[in-house]
There are 2 protein chains.
Amino acid sequence: MLEPIERQSLSQAVYERLRDGIVSGELGSGTKLPSERQLSEALGVNRGAVREALKRLEQARLVQIRQGGAARILDYQAHAGLDLLSELLFAGGELDLRVARSVVEMRAHLGPEIARRCGERGGTAAADRLDAIVAGMRADPDLDARQAASLEFWDALVDGSGNVAYRLAYNSLRASYDGFRAALVQVLGDELKSVDGFQAVADAVRAGDAEAAAARAAELLARGAQGLSTLFEALETFPGGE
Amino acid sequence: MLEPIERQSLSQAVYERLRDGIVSGELGSGTKLPSERQLSEALGVNRGAVREALKRLEQARLVQIRQGGAARILDYQAHAGLDLLSELLFAGGELDLRVARSVVEMRAHLGPEIARRCGERGGTAAADRLDAIVAGMRADPDLDARQAASLEFWDALVDGSGNVAYRLAYNSLRASYDGFRAALVQVLGDELKSVDGFQAVADAVRAGDAEAAAARAAELLARGAQGLSTLFEALETFPGGE
DNA sequence: TGAGGTCGGGTGGTAAGACCACCTGGCCAC
DNA sequence: GTGGCCAGGTGGTCTTACCACCCGACCTCA
């Protein structure tokens with residue numbers, strides 16, 4: 001209600017239009033895109049806007065551009081990186097359950113590993129930060145606040161893991177999550193309410209017990225996975241029924 | 001020697017220049033970028049080239065652009081996605097060992113999980129494909145061919161895992177790897193030579209034994225990790241000694 | 001007949017200039 | 001102190017033009 005009204009630039013619109021065409025298979029991989037001039041005329045926008053969109057598609061490895069020749073569409077499953085995940089999740093204006101399940105599975109696998117490495121390398125600095133966040137959770141039982149704190153918690157864990165790749169992968173996963181934060185507060189209720197679960201992870205990190213940290217993190221994430229799984233089943237039976 | 005000569009567009013050069021400035025910390029997060037007009041004048045290029053570069057930086061979540069106000073530089077560690085990994089690995093013209101170690105660690109963790117899911121869901125179709133690749137390995141002991149076959153093998157595994165997120169994450173990791181393929185043929189020799197290791201993974205997938213597939217994959221990757229680890233130590237002692 | 005060269009048309013790459021939409025800050029009137 | 005106004009700067013869009021490059025058709029000549 002009180003969120004900022006989204007405005008969209010033309011190049012953004014062009015980007016999304018072409019991206020949706022590619023990931024939906026409408027523009028098959030290997031086919032050639034119309035020329036920039038043709039696109040700009042067909043879409044009724046300036047050539048510059050088209051170029052900006054094409055550059056972004058190239059960066060996402062959805063197309064390949066060569067001077068003097070037309071842009072070729074690539075097979076996104078074979079080339080695109082994890083940054084595309086959040087866009088894939090909702091491409092075409094509808095939630096893709098197959099992608100959503102993949103995200104949850106990756107979360108369930110990456111999370112414990114991050115906790116493990118944090119337990120291994122985080123030290124007391126990480127433990128202090130985690131404890132402070134958990135203390136804040138106890139102080140405020142509001143679910144929205146819990147969700148924010150939970151994100152902080154994972155942020156701290158990931159920092160403590162000392163692994164840049166995990167950090168970036170976490171960011172990519174979180175970008176997928178952010179689009180549905182409000183919708184998932186209830187679904188992840190079990191996970192968010194279990195302050196003891198967060199505390200157990202923090203304790204393991206403080207003890208420097210990497211395996212325990214991983215195990216406790218896995219237990220914590222399993223609570224949310226339960227809710228997500230039932231949500232997905234419901235969505236499968238009653239599509240669109242958000 | 002016979003590789004295509006790389007040409008670089010202006011917008012690409014602008015992108016890399018700004019990206020390096022950001023990830024190196026030279027342009028601290030929170031600071032404001034000069035206006036497009038100032039940048040284009042300072043860099044001696046057209047404003048369009050600057051805009052294309054800025055759009056890409058925004059897509060990589062390195063900057064935030066708002067109409068009417070200057071572009072703000074974001075904290076890339078807090079926002080950038082896994083796609084940045086390959087660029088981070090070599091940003092500033094030198095290999096970043098901390099990033100490299102992170103990549104290897106993620107490989108060691110993600111690989112077995114991919115094998116596990118492939119064993120779980122790949123079925124005979126995946127097993128057939130894997131077996132064919134391993135057969136090809138036996139037929140050609142050349143290391144370069146082995147490396148190509150090894151990539152095909154993982155490609156097939158990842159397809160069999162039925163997880164889009166893993167697929168995209170694998171693509172991101174592979175993009176980091178591709179820049180050093182030639183340099184790593186020797187370093188990964190142990191891994192590439194162990195056809196039996198690949199075969200063991202393929203066998204586990206055929207048997208539908210997910211845990212065995214994960215275990216065999218972990219063993220296989222450990223061989224390469226050994227070589228990589230000693231390489232990194234050497235590079236740490238003699239920097240730049242490629 | 002086939003190898004090689006020439007050339008025109010189309011493509012992406014770059015440039016310069018202009019105007020619009022929007023934000024910011026300072027000023028002013030109330 | 002509030003609200004409105006206004007000017008200057010910013011990103012967003014458009015137009016036009018030219019350059020560098022690639023491709024295919026065509027031609028030439030051994």
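Computed from a predicted structure; not experimentally measured. FYI, side chains are in, hydrogens and waters are out, and symmetry mates aren't considered; it's all heavy atoms of this structure. Chain naming here is simple, since letters A, B, ... match the order of the sequence lines and numbering starts at 1 in each.
Applying the ring pair (Phe, Tyr, Trp, His ring centres under 6.0 Å) definition to pairs two or more places apart or across chains, none involves residues 19-39 of chain B. Residue pairs meeting the side-chain hydrogen bond (donor to acceptor under 3.5 Å, both in side chains) criterion with at least one partner in residues 134-146 of chain B, sequence neighbours excluded, are B:R138-B:Q199.
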Would you list the protein and nucleotides 5-7 of chain C atom pairs, both N or O, that sit under 3.5 Å from each other?
none

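Heavy atoms only, all atoms of each residue included: A:Q8 and A:A13 are closest at OE1-CB, 3.9 Å. Taking each heavy atom of B:S11 and B:A49 in turn, the nearest pair found is CB-O, 3.5 Å. Summarising the geometry of A:A53 relative to A:V14, their closest heavy-atom pair is CB-CG1, 3.5 Å, with the distance given to 0.1 Å.
Near DNA chain C, defined here as any heavy-atom distance below 4.0 Å, the residues from residues 50-68 of chain B are B:R66, B:Q67, B:G68, listed numerically. Listed in residue order, the members of residues 33-48 of chain B having a heavy atom less than 4.0 Å from DNA chain D are B:S35, B:E36, B:R37, B:Q38, B:R47.
Read 5' to 3', the first and last nucleotides of DNA chain D with an atom closer than 4.0 Å to a heavy atom of chain B are D:dG9 to D:dC22.
Shown here are the salt bridge (charged side-chain N to carboxylate O under 4.0 Å, His left out) partners of A:D96, two or more places apart in sequence or in another chain: there are none. For B:Y170, the ring pair (Phe, Tyr, Trp, His ring centres under 6.0 Å) test picks out no residue, with sequence neighbours left out. The side chain to side chain donor-acceptor pair (under 3.5 Å) search around A:R17 returns none, not counting sequence neighbours. Here A:F153 pairs with A:F198 under the ring pair (Phe, Tyr, Trp, His ring centres under 6.0 Å) rule; sequence neighbours left out.
The shortest distance between side-chain heavy atoms of B:V185 and B:R181 does not fall below 4.5 Å. The closest side-chain heavy-atom distance from B:L10 to B:L43 is not below 4.5 Å. In this structure the side chain of A:Y177 reaches within 4.5 angstrom of the side chain of A:L188, judged on heavy atoms. In this structure the side chain of A:Q12 never reaches within 4.5 angstrom of the side chain of B:K55, judged on heavy atoms.
Residues B:E113 and B:R117 are paired through a salt bridge, judged by an N-O separation under 4.0 Å between the basic side chain and the carboxylate.
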Contacts under 3.5 angstrom, residues 78-89 of chain A side chains, donor-acceptor by atom type, not counting sequence neighbours:
residue, atom, partner, partner atom, Å
A:H79, ND1, A:D75, O, 3.2
A:D83, OD1, A:S172, OG, 3.1
A:D83, OD1, B:L82, N, 3.2
A:E87, OE1, A:Y15, OH, 3.0
A:E87, OE1, A:R19, NH1, 2.7
A:E87, OE2, A:Y15, OH, 3.4

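Remark on the helix from C:dT1-D:dA30 to C:dC30-D:dG1: inter-end axis angle 0°, axes from five-pair C1' superpositions, rounded to 10°.
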